[in-house]
Structures are given as C-alpha cells and as structure tokens.
Number of protein chains: 2
Amino acid sequence: MKYGIVAFPSKQIQDLANTYRKRYDPHYALITPHMTLKDAFEADETRIQEIAKKLEAIAERFAPLQIHASRISSFYPTTNTIYFRIEPTPQLENIQKAIQEEVQIGEPKHVFVPHITIAQKLSDAEHDDIYGQLRMTGVDEKTVIDRFHILYQLEDGSWTTYETFRLSGAE
Amino acid sequence: MKYGIVAFPSKQIQDLANTYRKRYDPHYALITPHMTLKDAFEADETRIQEIAKKLEAIAERFAPLQIHASRISSFYPTTNTIYFRIEPTPQLENIQKAIQEEVQIGEPKHVFVPHITIAQKLSDAEHDDIYGQLRMTGVDEKTVIDRFHILYQLEDGSWTTYETFRLSGAE
C-alpha cells in the first residue's frame with residue numbers, strides 16, 4: 001500500500017488554499033490542503049506499524065509546529081507547482097529530518113521545502129499567468145499545527161487517514 | 001466548526017465503494033468511503049477536546065469492529081441513498097450507543113443503520129434504475145476495522161481528519 005506523512009494546517013489556511021486549489025490543482029478532490037512531511041512510499045501492514053511506532057516517539061519529542069505561510073512561490077522551472085511558502089524553521093527542519101532518518105523509508109525525492117501546494121500540473125502559459133496574479137495577492141497566515149498523520153492512497157488516487165500523532169514534546 | 005465521527009473500512013472495500021461513488025455520489029470528492037458513527041455536529045475547540053478524551057476511553061473499551069458488508073440496500077423512500085448494508089452486530093450497536101450517550105452531542109438524526117453510502121442525491125428515476133442494477137450485483141465483503149476518527153469539515157464541504165482512535169479493548 002502507498003502511504004504518505006502530512007500535517008494539515010488550520011481550517012482557515014485550508015479554506016484559503018482551497019479557493020485556489022479548486023481552480024488550479026487537479027489533486028483538489030484527492031486530499032485536503034496539507035504540508036507534506038514525507039513523500040509517498042510503499043509499505044506493507046507490518047512495516048507501517050513499525051513506522052507508526054517510530055512516529056509516535058517523534059511526536060512525543062517535538063512541540064506543536066509554529067507555521068508561517070509568508071508568501072506565494074513556485075517550483076518553476078523544476079515543476080509548475082505554485083504553493084504557499086512556509087517559512088523554514090529549525091523545528092520544521094528537525095522534525096522532517098527525524099522522520100526521514102529515523103523512519104528508513106527511501107531517500108527524499110527533493111530537498112525539504114515546507115509548503116502547501118495551491119496549483120499544479122499547469123501548462124507553462126497557465127503557470128506564468130496564474131503565478132503572476134497570485135504572487136501579487138500573496139499570503140500572510142500564522143498558525144500552530146499540533147498533530148500530523150499517516151495517510152494511505154486508494155486506487156482512485158484519494159487519501160484516507162491511517163493514524164494521527166499529537167505533538168506533545170518540547171523541541 | 002463542524003465535526004463528524006467515522007470509521008473507514010479496508011482499502012479493498014473503499015476501492016469497491018468508489019467504483020460506484022465516482023458515478024453516483026456527489027460527495028465522492030469530499031470524503032473517502034466510510035461508515036458514519038456520529039452525524040455531523042457543531043463543537044468549539046474546547047468541547048472537541050473533551051469529546052476526544054471520551055472517545056479515547058471508548059476506543060480502549062471496544063475491540064476492533066467485525067464488519068460484514070452483506071448486500072446493497074436503499075433508504076428509499078426516506079432518501080434516495082443507496083449503500084452497502086453492514087450487518088448489525090451487538091458490538092456495532094454498543095459502540096454507536098456509547099458514542100451517542102457518553103458524548104452528549106445532539107440527538108441522532110436517524111436510527112443507527114450501519115452502512116457505507118455508494119450513491120445519493122439521485123432523482124427518483126435514477127434511483128430506481130441504479131438500485132435495480134446494483135441490487136443484483138450485490139456485495140459480500142468482510143473486514144476488521146481497528147480504528148475510528150474525528151473529522152472536521154472545510155468550507156467547500158470536504159473533510160479533514162482531526163484525531164484517530166485505535167480500538168484496543170475486548171468488548
């Protein structure tokens with residue numbers, strides 16, 4: 001089965017992201033707005049239970065995540081994905097590193113850039129047009145995320161929650 | 001904020017339900033296939049944390065749920081909703097009752113009929129046509145559900161997971 005590890009921001013930020021996603025993101029209906037902590041990976045039932053145990057330990061170590069969606073950026077030219085940039089913090093880098101290192105589930109596909117996707121799979125022309133508009137609108141939202149989740153993917157591409165981890169530590 | 005309490009069946013049953021939902025259920029994109037344990041209710045941040053604590057105690061009391069999706073039924077003429085009927089068991093009735101009684105969050109809208117919706121908001125003609133077909137196809141799937149979730153609803157109607165409860169008791 002294919003799993004992923006994500007954190008959902010506040011309802012307010014999700015609602016804001018969805019005003020863009022519903023128009024510009026073909027994944028809109030597959031998952032609600034999120035910050036990916038670990039890209040999709042394959043695991044069987046036994047393995048995911050081991051991983052869940054390790055994530056539980058990580059959740060007990062880290063404090064709720066201080067999030068600041070500070071501007072709208074793009075991964076262009078790597079991809080035409082437009083996103084809310086989340087200001088990198090040592091806390092965010094440490095938890096992502098902890099998940100990556102302590103849970104040995106494949107090399108990360110990209111350097112970790114904390115973000116919430118609001119548009120993707122656009123043509124170059126669409127990207128330029130939409131990014132031009134959105135960059136001007138911008139975003140400036142702060143929130144605290146006190147939990148993260150393991151999700152699994154169904155055959156139609158949508159994601160269901162498997163497990164929730166509450167951040168209850170001090171780091 | 002609007003919350004709901006659901007259990008997701010196995011990926012296999014979700015995939016099967018989605019083959020119908022993608023054609024016949026306008027809620028298809030809002031939530032993955034599920035069995036509702038408690039209909040949508042309003043709660044604030046403090047209240048939902050109290051409810052989560054009570055649900056934790058319920059999850060520690062009950063064993064994983066033995067589920068048998070035994071046939072395709074319809075709520076017609078009450079509504080035109082078509083669903084996988086889940087065979088009622090004392091365990092299912094007891095956990096639903098425990099959630100309803102111990103978590104004082106409004107009267108249930110309906111008598112509890114455990115089910116997974118696969119089609120809804122159909123016209124009468126559509127309902128008769130589709131129900132005629134699906135009833136013949138039928139369903140016969142057994143699974144064990146070892147967790148349930150609190151979800152909350154975004155402004156666009158989609159649902160995000162708030163908390164997960166693992167069934168670890170004996171009842």
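Numbers restart at 1 for each chain; the letters A, B, ... are given by sequence-line order, proteins then strands.
- Checking A:T117 against A:H27 by side-chain atom types alone, no donor-acceptor pair falls below 3.5 Å.
- Using modelled atom types and a 3.5 Å distance limit, the side chains of A:Q14 and B:T160 yield a donor-acceptor pair.
- A distance of 9.0 Å separates OH in B:Y131 from CD1 in B:I72, rounded to the nearest 0.5 Å.
- Of the listed residues (B:H149, B:R166, B:E163), the one with the most heavy-atom contacts under 4.5 Å to chain A is B:E163.
- For chain A, the nearby part of B:Y152 is the side chain; its heavy atoms alone come within less than 4.5 Å.
- Chain B forms more heavy-atom pairs under 4.5 Å with one residue of A:M1, A:H34, A:Q12 than with any other, namely A:M1.
- Rounding to the nearest 0.5 Å gives a distance of 15.0 Å between OH of B:Y24 and OG1 of B:T81.
- For a residue to count as touching a neighbouring chain, one of its non-hydrogen atoms must lie under 4.5 Å from one of that chain's; by this rule B:Q153 touches chain A with the backbone only.
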